[in-house]
Amino acid sequence: MKAFLMYPDRDFDLEEDLPPNEADLSSDLELDTLLQAMAGGDKFLLDVARHGLHSGLASPAQIVYRQHVLADCVARPGVVRDLYDVAVAAITGERHLFGWTLRDSPDSVLYRARQVMQLYLDMFRRLRDITDAQAASFGSEGFTRFFAMLTEELADGYLAEIEAQLGELEFRRGTLISARLGPGAKGTGYVLRRHPEQGWRDRIPGLNRSGYTFFVPERDEAGMRALSDLTSRGLNSTSSALAQSADHVRSFFEMLRAELGFYLSCLNLRDRLTAKGSPVCFPDPDVPAGAGHARLSARGLYDASLALSLDDGQAVGNDLDADGRQLIMITGANQGGKSTFLRSAGQAYLMMQAGMFVPADSFAASVSTGVFTHFKREEDATMEMGKLDEELDRMSVIVGQITPGCLLLCNESFASTNEREGSEIARQVIHALTEAGIRIIFVTHLYDLAERYYAQHDPAALFLRAERQPDGRRTFRLPAGEPLPTSYGQDLYQQVFGAPAGSGGASLAIYQP
């Protein structure tokens, strides 16, 4: 039995390794806030959400398959939670079925496996009840196939047969075992047998003469051990087969819990965002069309982690028209929303390629082969290397992992050295990576870098500038605009010292070549 709710052709593997740059993505894109909202305080859902968010689905068809399943979950959240509760009840019920450890013998293994299978049988019936009542209201390929599988494999006749078989394994009429004589007149070929049907004579005490009975005295410990040994030999193959069946069924419920758990975590996040009035939408994924032809456009794209952190108000959304652009360079005022926009783009890509909704009014993009980040870091407290060396070291690691079709998000990269050196390093990195078919979104205060790229009038480059009102107010919007030779550091000075730079007392020199 397979659920196939996450992939059309394989299981959702929670043991699969996360991307090697998962820690950087989590830190730079503030994914922990996102994941905590998805988990809702549940450690299992947190693990499922983390693996699901980093799925990195490779094709639009896979993404749309999962989107349709999630759309069904959005439309019928109560039913999905009921299905999830059944899977959880099956797993936790088995773990708490026995409060002690049974000895590892065929009869104890058989007893426990029979009890577990009886529990699973009850869960199967609950799944069938939900299927019979709700299957018609689901339209996605994933759920349609899932419910059809339950209807076919958990038919009434099959469930009745399981009930009957488990009833026989209670051995109310004793244990019937056959054997042959082997070398040395020792028993061999022990086989557990089904009791023959009883006729009316068999049910009348004293008339049944079809076999012989012997009794073991209460104090005959050797006789009891011998009888137990004979029983264990007869039960050995049956207990192993039933235990394997129980393991198989448990793996189904574990997989069902994991796959439904991802969708429940998505519902948790959606509920949190919509409760704040923040819009979400299903993105339009596109087949990668090669360097210079990839799609990327959005309306109202915002940082979901920021939206979740705000007590009042909503995160500002931005529009983006970057179809066919290999390089998006973002400049402008300090604290104008540049880093926030960069995080929103990275989150949207990860969420799209996990088959989720994205935080925007609309979003369309070509599927990437991976998302990488190169954000500025704090000074190394151990002083093992300088900031520039550390930046170059991280970029070297990225270059060793990144492939054509990937997205690289850079935030103030190589700003730890002087303007000229930082611009030259960044220019060489950008040129090499874009030539290799990698899309880059680059936030920078390096005017020399941004101005030289802007002067080339390259149609594959888009320039955005954080908006600043004449009174210094930030709108946190990033319209298209050429780079300016200032980041308005005087605004920050005024915020800190309460007076314009150079008005007396202290002085501030602002220079940018």
Side-chain angles (χ1 to χ4, degrees), residues 1-12 14 38-40 42 44-45 48-49 52 55 61-94 116-163 248-275 280-282 354-357:
M1 297 173 64
K2 300 289 186 180
F4 289 140
L5 292 174
M6 291 285 281
Y7 298 93
D9 54 359
R10 66 183 178 93
D11 292 333
F12 178 40
L14 285 180
M38 296 177 73
D42 188 309
F44 177 77
L45 289 185
V48 168
S55 295
Q62 290 179 326
I63 294 173
V64 171
Y65 179 89
R66 199 176 288 182
Q67 285 181 356
H68 289 171
V69 174
L70 180 54
D72 267 344
C73 295
V74 171
R76 299 287 186 275
V79 179
V80 176
R81 294 184 190 279
D82 288 343
L83 290 168
Y84 181 76
D85 289 343
V86 171
V88 172
I91 297 167
T92 58
E94 186 222 347
V116 170
M117 285 299 295
Q118 185 63 56
L119 169 68
Y120 291 159
L121 179 61
D122 295 338
M123 298 302 108
F124 279 157
R125 289 196 171 110
R126 287 177 59 181
L127 288 179
R128 269 301 308 273
D129 290 342
I130 296 173
T131 299
D132 294 342
Q134 304 292 341
S137 61
F138 287 74
S140 65
E141 180 184 349
F143 267 115
T144 298
R145 184 167 60 172
F146 172 70
F147 285 127
M149 180 272 296
L150 293 181
T151 300
E152 179 181 354
E153 298 201 19
L154 301 182
D156 293 339
Y158 176 70
L159 297 180
E161 178 65 19
I162 294 178
E163 184 78 59
H248 174 73
V249 176
R250 182 175 63 251
S251 67
F252 165 74
F253 280 115
E254 288 174 343
M255 185 53 59
L256 182 61
R257 180 194 184 194
E259 297 194 0
L260 289 175
F262 172 74
Y263 293 111
L264 284 186
S265 69
C266 292
L267 294 181
N268 290 340
L269 176 60
R270 183 179 183 277
D271 291 343
R272 287 282 304 277
L273 290 174
T274 55
V280 295
C281 70
F282 282 111
M356 298 171 61
F357 48 78

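Remember, it's a predicted structure, so these values are computed and weren't measured experimentally.
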What donor-acceptor contacts under 3.5 angstrom involve side-chain atoms of residues 65-74, with partners at least two apart or in another chain?
from, atom 1, to, atom 2, distance (Å)
Tyr65, OH, Phe4, O, 2.5
Tyr65, OH, Arg145, NH2, 3.2
Arg66, NE, Met6, O, 3.2
Arg66, NH1, Ser55, OG, 3.0
Arg66, NH1, Ala354, O, 2.9
Arg66, NH2, Met6, O, 3.3
Gln67, NE2, Pro283, O, 3.2
Asp72, OD1, Gly139, N, 3.3
Asp72, OD2, Gly139, N, 3.1
Asp72, OD2, Ser140, N, 2.8
Asp72, OD2, Ser140, OG, 2.7

Yes or no on side-chain contact (heavy atoms from CB on, under 4.5 Å) for Leu14 and Phe44, after CA distance, side-chain angles and deciding distance?
CA-CA 11 Å; Leu14 285 180; Phe44 177 77; 4.1 Å; yes
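Applying the salt bridge (charged side-chain N to carboxylate O under 4.0 Å, His left out) test to pairs two or more places apart or on separate chains, those with a residue in residues 249-268 are Glu94-Arg250, Asp247-Arg250, Arg250-Glu254. The salt bridge (charged side-chain N to carboxylate O under 4.0 Å, His left out) contacts involving residues 116-128 comprise Arg125-Glu163, Arg128-Asp132, Arg128-Asp156, where partners must be two or more places apart or lie in separate chains. Pairs engaging residues 79-89 under the salt bridge (charged side-chain N to carboxylate O under 4.0 Å, His left out) rule: none recorded [sequence neighbours left out]. The list of ring pair (Phe, Tyr, Trp, His ring centres under 6.0 Å) pairs with a residue in residues 128-150, not counting sequence neighbours, reads Phe138-Phe143, Phe138-Phe147, Phe143-Phe147.
Remark: Leu256 CG to Leu127 CG distance equals 6.5 Å, nearest 0.5 Å. The line from CG of Leu269 to CG of Leu273 is 4.5 Å long, rounded to the nearest 0.5 Å. Going from atom CG of Leu260 over to atom CG of Leu5 covers 5.5 Å, rounded to the nearest 0.5 Å. From Met1, atom CE reaches atom NE2 of His248 across 7.0 Å, with rounding to the nearest 0.5 Å. Once rounded to the nearest 0.5 Å, the distance linking CG of Asn268 with CG of Asp42 reads 9.0 Å. Of the inter-residue distances, the one linking Phe252 atom CZ with Glu153 atom CD reads 8.5 Å to the nearest 0.5 angstrom.
For Thr144 (side chain) and Glu141 (main-chain N/O), no donor-acceptor pair under 3.5 Å exists by modelled atom type.
Phe124 pairs by the ring pair (Phe, Tyr, Trp, His ring centres under 6.0 Å) definition with Phe253, not counting sequence neighbours. Scored by the ring pair (Phe, Tyr, Trp, His ring centres under 6.0 Å) test, Phe282 finds no partners at all (sequence neighbours excluded). For Ser137, the side chain to side chain contact (heavy atoms under 4.5 Å, CB included) partners two or more places apart in sequence, or in a different chain, are Arg76, Gln134. Residues forming a ring pair (Phe, Tyr, Trp, His ring centres under 6.0 Å) with Tyr263 (at least two apart in sequence, or on another chain): none. Scanning for side chain to side chain contact (heavy atoms under 4.5 Å, CB included) contacts around Thr92 gives Val88, His96, with sequence neighbours left out. Residues satisfying the side-chain hydrogen bond (donor to acceptor under 3.5 Å, both in side chains) test with Asp129, not counting sequence neighbours, are none.
Contact between Gly261 and Val48 at its shortest, heavy atoms only, is C-CG1, 3.8 Å.
Contact annotation: the side chain of Tyr120 approaches that of Met117 to within less than 4.5 Å [non-hydrogen atoms, C-beta and beyond].
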